[in-house]
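To start, the structure itself, in structure tokens.
Here the structure is a predicted model, which is why all the values come from computation and not from measurement. Chain A is the first sequence line, chain B the second, and so forth, proteins listed ahead of strands; every chain is numbered from 1.
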Amino acid sequence: MPEGLEAEIWRSAAEPLVGRRIDRVEFDARVADPRLVDFEGEWIQGIRRHGKVLIVDTSGSAIGLRFGMTGRLVIDGAAAIDRLEYASGADRPDWDRIRVWTSPVPGPAAVAMRMNDPRRLGRIEVDPDLSLLGPDVLGISIDELDEALGGRRTGLKAALMNQQVVAGLGNLCVDEVLFAAGLAPNAAVASLSADDVRGLHRAMRDRLGVMLRRGGSTQGVLDPARRSRLGRCPARGCQGYLRSEKIGGRTTVWCNTHQVGGGAGGTRSPASRGVVPNASARVAD
DNA sequence: CGGCATGTTTCGCC
DNA sequence: AGGCGAAACATGCC
């Protein structure tokens, strides 16, 4: 599940922890910093997020949670997101990578916060280094986006997946944003016009906003079912077909009819193909 | 059984 | 030098 949207959902869910005292910490040393034992007795002072990283600020130092592919957060016994697309629906105790008990004890749920991660690609860090992360995708301005992309010689999808460029986009959200913006994943960043960047920014803001309200990265037009089924392109007015191929090392679902720009096709802009540049307003879902 | 998976990092090859 | 693809990590699921 975890892209920036999921981390944001968990950030909200974790807010009730603020003001509590950490009584006990248990963790899996294979994926967690051993210094986490030192947090017993500290107070939780705030919950933040940058990109895909959730940060718990305490009276000591900060705890950073990275969820990998299959990690999820459970607060006071409730999972804010219960369906994990590429992880088991199960919630086995031996998949817990950190457990935090607090006081006051919140009702019948003994564990106040835990990360459950079957595949164990997630990490729990002390004082996470956020210095290499680009601006957060949920608050980025057009100028920041333009600046972040400036000088990049990679394909557009590869650039957006790079957390040093923009922090928080994962495979599903990048495909969704590019689909909505009408931009090809293999478009050369250098070929983007100012209008393309504006459309990209708008697609990020609008599409991700909708998906966040609906529950995360799986709630877009290119949801997991459509990603496997493919078929006709669901963009309004588009006569193309969805395709799935490896781009930037990841499975990429897109439509080469209305998503254009850069790449082998040259530097055509979406508008030049007779398609409204900002497809985010045109997607019927 | 083979292949694939919402992520990150490393390594070798242009 | 910098970009890219493949592999590794680790495990579950279809």
request  = Check for a donor-acceptor pair, side chain of A/E40 on one end and backbone N or O of A/V25 on the other, with a separation under 3.5 Å.
outcome  = yes
inquiry  = From CD of A/Q164 over to P of B/dT8, roughly how many Å is that when rounded to an integer?
reply    = 11 Å
Under-4.0 Å side-chain N/O to phosphate OP1/OP2 contact, A/T251 with B/dA5 = yes
Proximity to the side chain of A/Q163 - top-ranked nucleotide from B/dT8, C/dG12, C/dC4 = B/dT8
query = Which nucleotide in the set C/dC9, B/dT8, B/dA5 lies at the smallest distance from any side-chain heavy atom of A/L121?
reply = C/dC9
request  = Report yes if a side-chain nitrogen or oxygen of A/R250 is closer than 4.0 Å to either non-bridging phosphate oxygen (OP1 or OP2) of B/dG7; otherwise report no.
outcome  = yes
ask   = Whole-Å distance between C/dG3 C1' and A/N186 CG?
value = 15 Å
message = Does A/R153 have more than 12 heavy atoms from other residues, nucleotides or ligands lying within 6.0 Å of its CZ?
response = no
key: Rounded distance in Å between the P positions of C/dG12 and B/dT9   = 23 Å
inquiry  = Output the rounded distance in Å from CD (A/E245) to P (C/dG5).
reply    = 11 Å
message = If I take atom CG in residue A/L133 and atom P in nucleotide B/dT8, what distance separates them, rounded to the nearest angstrom?
response = 9 Å
key: Donor-acceptor pair, side chain of A/K52 and main chain of A/L169, under 3.5 angstrom   = yes
ask   = Which part of the nucleic acid, if any, lies within reach of A/G216 when heavy atoms closer than 4.0 Å are counted: base, sugar-phosphate only, or nothing?
value = nothing
request  = With C1' as the reference atom in both, quote the distance from C/dA6 to B/dG3 in angstrom, rounded to an integer.
outcome  = 16 Å
query = Does one side chain, of A/E245 or A/W254, offer a donor that lies under 3.5 Å from an acceptor on the other?
reply = yes
inquiry  = Looking only at the side chain of A/T154 (C-beta and beyond, no hydrogens), which of the listed nucleotides C/dC4, B/dG7, C/dA10 gets closest?
reply    = C/dC4
task = Please check the phosphate of C/dG12 (OP1 and OP2 only) for any side-chain N or O of A/W95 closer than 4.0 Å.
result = yes
message = Between A/D146 and A/R198, does any side-chain N to carboxylate O distance fall below 4.0 Å?
response = no
query = Separation of A/K246 atom NZ from B/dA5 atom C1', in whole Å?
reply = 9 Å
message = From CE of A/M69 over to P of C/dA7, roughly how many Å is that when rounded to an integer?
response = 16 Å
d(CZ, A/R92; C1', C/dA10) in whole Å = 13 Å
remark   = A/N171 CG to B/dT8 P, in whole Å, measures 11 Å
For C/dG3, the Watson-Crick or wobble counterpart (both distances under 3.5 Å) = B/dC13
